[in-house]
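What follows is a set of notes on a single structure, which appears directly below.
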Amino acid sequence: MCGVVGIVAHSPVNQSLYDALTVLQHRGQDAAGIMTIDNDMFKLRKANGLVRDVFEQKHMERLSGNWGIGHVRYPTAGSSTSAEAQPFYTNSPYGIAFAHNGNLTNAEELKQNLISEARRHVNTSSDSELLMNTFAHELCESGGDWNLKPDDVFAAVTALHQKARGAYAVVASIIGFGVVAFRDVYGIRPLVLGKRETPAGTEYMVASESVAIDAVGFDVVRDVAPGEAVYLTKEGELFSQQCASHSELVPCLFEYVYFARPDSTLDNISVYASRVRMGQKLGEKIKRQWQDLDIDVVIPIPETSCDIALEIANTLELPYRQGYVKNRYIGRTFIMPGQQQRRRSVRRKLNAISSEFKGKNVLLVDDSVVRGTTSEQIIEMAREAGAKKVYFASAAPEIRFPNVYGIDMPSANELIAYGRDVDEICQLIKADGLIFQSLEDLIAAVGEESPEIKRFETSVFDGAYVTNDVSQAYLDHLDQLRRDSAKHKSNNQSSSLEIHNFS
């Protein structure tokens with residue numbers, strides 16, 4: 001999962017891009033990058049690390065210009081070196097900077113087409129670079145002369161949609177012209193458009209979540225539609241066009257469970273309200289199925305599940321307590337590149353308040369169970385703090401299948417629910433009881449605010465991949481790429497690319 005942002009303004013955008021990336025930091029903690037344009041020159045800084053660590057004052061001073069794009073990244077099938085930090089750059093045509101959230105399912109096909117037909121070189125293993133070069137090639141094909149027109153941009157995106165499959169939310173800067181943003185034909189990954197009025201004129205912004213638009217003082221206009229392209233000229237004009245012959249909004253359900261911030265609204269659905277309803281529905285299921293359990297207190301695993309756990313407690317008429325204190329300076333564990341690193345980070349990330357556990361039967365609530373590593377250790381911590389019995393509730397159904405659309409879910413063999421029933425999972429995480437939200441209830445909880453959405457991308461729960469192109473051979477290939485040992489090897493062999501200044 002990654003976060004993208006693009007701004008076209010009438011004053012310097014470096015601080016606004018930085019602020020937006022800090023708000024999107026939860027979407028990627030591996031690397032960060034900003035590219036601005038000033039006097040038809042790209043200014044770029046990108047490196048591994050958190051936003052606050054990547055950008056020092058000297059970097060911010062170099063990032064001059066009134067428009068630009070930014071990106072926060074965590075690795076999916078690629079390595080986690082800064083050589084794959086974004087934005088990417090290509091000098092033909094015009095000069096394009098490119099940032100991408102998502103994952104392509106036909107990356108190998110695109111790579112071969114770029115080599116054999118477009119004669120374009122790809123320098124990393126990132127599918128984002130493949131997508132950038134595909135867009136650049138189609139822009140070459142569609143552009144009649146140097147004076148790039150909106151129709152040329154839309155023609156390039158239209159051709160890209162016909163070639164690329166998978167999930168992608170993109171922001172790109174075309175030097176001398178403006179910013180382009182577009183979304184895959186199913187709208188799997190989110191992308192939101194904002195604007196603000198200033199004395200100098202209208203300014204526009206696109207970002208992965210509405211919270212980033214709010215944070216820098218823009219007003220949310222709408223979500224970018226699936227298959228749509230939005231073109232923001234450097235003069236502050238906005239053009240948009242549907243560029244897909246067939247499109248359908250099928251947003252990723254896991255965005256609402258885990259990734260998106262609760263103060264975001266994606267595709268007209270409040271993330272916070274969705275999580276409240278998840279808690280209500282899961283509480284009702286617990287009340288039906290666990291009538292005989294003597295639960296003393298409901299405790300969330302901070303922070304995503306706090307709103308969910310509070311509603312469960314209300315539904316069950318039980319006390320709600322904060323039993324764990326979170327160290328906010330430790331990254332998310334299931335997206336960390338190594339299993340040993342994930343294990344070490346759990347106890348650095350959370351500490352139990354013994355008084356909330358001692359002598360009690362506790363119901364722990366988390367947003368999901370992926371590998372089970374975190375769940376097992378959190379349950380162990382509760383017992384060490386004095387809990388008599390530890391029950392565990394997951395706001396999401398069993399995750400049995402890998403994600404191929406931009407979330408670094410492990411290979412199937414690393415998923416604790418793969419090939420196991422609830423009782424087996426319960427034994428492995430050493431809980432006294434385990435309950436999962438049903439997929440039907442989860443869809444109902446998220447979809448209540450937006451009945452026009454007829455389906456969600458739910459492949460991690462049911463194995464139904466919306467693009468209809470995911471074969472077992474592809475999953476086997478992805479499994480090899482995602483093995484921790486492969487990532488470790490890739491990291492050791494890759495070189496570092498820390499600072500760029502195209503000026």
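For clarity, every value in this text was computed on a predicted model and none was experimentally measured.
Looking at Asp127, its side chain does come within 3.5 Å of a backbone N or O of Leu104 through a donor-acceptor pair. No donor-acceptor pair closer than 3.5 Å links the side chain of Asp367 to the backbone N or O of Val257. Here the side chain of Asp184 pairs a donor or acceptor atom with the backbone of Tyr168 at under 3.5 angstrom. The backbone N or O of Ala244 sits nowhere less than 3.5 Å from a side-chain atom of Ser247 that would complete a donor-acceptor pair. With hydrogens and angles ignored, the 3.5 Å screen pairs a side-chain donor or acceptor of Arg400 with a backbone N or O of Arg420. Remark: the backbone N or O of Leu350 is not paired with any side-chain donor or acceptor of Tyr324 at under 3.5 angstrom. A distance-only check finds a donor-acceptor pair linking the side chain of Ser270 to the backbone of Ala273 [under 3.5 Å]. Glu129 places a side-chain N or O within donor-acceptor distance of the main-chain N or O of Thr124, the cut-off being under 3.5 Å. Without hydrogens or angle criteria, His71 side chain to His100 main chain gives a donor-acceptor distance under 3.5 Å. Checking side-chain atoms of Arg165 against main-chain N and O of Thr467 turns up no donor-acceptor pair under 3.5 Å.
By the side-chain hydrogen bond (donor to acceptor under 3.5 Å, both in side chains) test, Gln427 is found to be paired with no residue, residues two or more places apart in sequence or in another chain being considered. Taking the side-chain hydrogen bond (donor to acceptor under 3.5 Å, both in side chains) definition, one finds that Gln322 meets it with Tyr320, sequence neighbours left out. Listed by chain and number, the residues in a salt bridge (charged side-chain N to carboxylate O under 4.0 Å, His left out) with Asp267 are Arg183 (sequence neighbours excluded). Every residue two or more places apart in sequence or in another chain that forms a side-chain hydrogen bond (donor to acceptor under 3.5 Å, both in side chains) with Lys163 is listed here: Glu138.
Residues Phe259 and Cys252 have side chains not in contact (no heavy-atom distance under 4.5 Å, counting atoms from C-beta outward). Counting only heavy atoms from C-beta outward, the side chains of Arg27 and Cys2 never approach each other to under 4.5 Å. When side chains are defined from C-beta on, Ile34 does not count as touching Val13, because their heavy atoms never get closer than 4.5 Å. For the pair Leu364 and Ile301, the minimum side-chain heavy-atom distance is below 4.5 Å. Counting heavy atoms from C-beta on, the side chains of Val230 and Leu238 come closer than 4.5 Å. A 4.5 Å side-chain heavy-atom check between Leu253 and Ile443 finds at least one atom pair inside the cut-off. For the pair Pro402 and Val460, the minimum side-chain heavy-atom distance is 4.5 Å or more. Within the 4.5 Å cutoff, the side chain of Val51 has heavy atoms near those of the Tyr18 side chain.
Heavy-atom minimum distance, Glu457 versus Ser459: OE2-OG, 2.6 Å. Smallest separation of non-hydrogen atoms from Leu282 and Ala393: CD2-CB, 4.0 Å. Ala229 approaches Cys243 most closely through the heavy-atom pair CB-SG, 3.8 Å. Of all the heavy atoms in Asp263 and Asp214, the pair that sits closest is O-OD2, 4.4 Å. The minimum heavy-atom distance linking Leu316 with Gly283 is given by the pair CD2-O, 3.6 Å. When all heavy atoms of Asp366 and Phe392 are compared, the closest pair comes out as CB-CZ, 3.7 Å.
For the residue pair Ser394 and Gln437, no side-chain donor N or O sits within less than 3.5 Å of a side-chain acceptor on the partner. With 3.5 Å as the limit, one finds no donor-acceptor pair spanning the side chains of Glu84 and Ser126. His26 and Glu209 share a donor-acceptor pair across their side chains, judged by distance under 3.5 Å alone. Looking at Thr105 and Asp469, their side chains do bring a donor and an acceptor atom within 3.5 Å of each other. Inspection of the Ser438 and Glu440 side chains reveals no N or O donor paired with an N or O acceptor under 3.5 Å.
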Practice task
Walk me through it: do Glu248 and Arg455 pass the test salt bridge (charged side-chain N to carboxylate O under 4.0 Å, His left out)?
Solution key: CA-CA 9 Å; Glu248 179 188 1; Arg455 59 175 174 153; 2.9 Å; yes
Problem - Trace of the salt bridge (charged side-chain N to carboxylate O under 4.0 Å, His left out) decision for Glu255 with Arg189 - result: CA-CA 8 Å; Glu255 285 276 358; Arg189 301 267 73 87; 3.4 Å; yes
Practice task
Go through Thr265 and Val220 one step at a time and tell me if the side-chain contact (heavy atoms from CB on, under 4.5 Å) criterion holds.
Solution key: CA-CA 10 Å; Thr265 297; Val220 172; over 6 Å; no
Exercise for the section: Run the numbers on Glu228 and Arg222 for salt bridge (charged side-chain N to carboxylate O under 4.0 Å, His left out), then give the verdict. Expected result: CA-CA 12 Å; Glu228 181 186 23; Arg222 60 180 177 85; 2.8 Å; yes
Exercise for the section: Decide side-chain contact (heavy atoms from CB on, under 4.5 Å) for Val4 and Leu191; before the verdict, give the C-alpha distance in whole Å, the side-chain angles of both, and the deciding distance to 0.1 Å. Expected result: CA-CA 8 Å; Val4 299; Leu191 195 61; 4.0 Å; yes
Practice task
Carefully, step by step, assess Val390 and Leu363 under the rule side-chain contact (heavy atoms from CB on, under 4.5 Å).
Solution key: CA-CA 6 Å; Val390 183; Leu363 172 61; over 6 Å; no
Problem - CA sep, side-chain torsions, deciding dist, call: Val369, Ile416, side-chain contact (heavy atoms from CB on, under 4.5 Å) - result: CA-CA 8 Å; Val369 180; Ile416 193 169; 3.7 Å; yes
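With a 6.0 Å radius and a threshold of 12 heavy atoms from other residues, nucleotides or ligands, Tyr272 has its OH atom at or below the threshold. In the displayed structure, Glu317 atom CD is contacted under 6.0 Å by at most 12 heavy atoms of other residues, nucleotides or ligands.
Classification of the Phe182-Phe135 ring pair by plane angle, with boundaries at 30° and 60°, yields tilted.
Pairs of residues two or more places apart, or lying in two chains, never qualify as side chain to side chain donor-acceptor pair (under 3.5 Å) while including a residue from residues 283-294. Pairs of residues two or more places apart, or lying in two chains, that qualify as salt bridge (Lys or Arg N to Asp or Glu O under 4.0 Å) and include a residue from residues 422-436 are Glu376-Lys430, Arg383-Asp432.
For the atom pair OG1 (Thr374) and CD (Gln377), the distance works out to 7.0 Å, reported to the nearest 0.5 Å. Within the model, atoms NZ of Lys281 and CG of Leu442 stand 10.0 Å from one another, a figure rounded to the nearest 0.5 Å. The CE atom of Met205 sits 7.5 Å away from the OG atom of Ser16 when rounded to the nearest 0.5 Å. For the atom pair OG1 of Thr373 and CD of Glu414, the computed distance is 9.0 Å after rounding to the nearest 0.5 Å. The line from CD1 of Ile299 to OG of Ser305 is 11.0 Å long, rounded to the nearest 0.5 Å. The structure places CD1 of Ile425 at 10.0 Å from OG of Ser375, a figure rounded to the nearest 0.5 Å.
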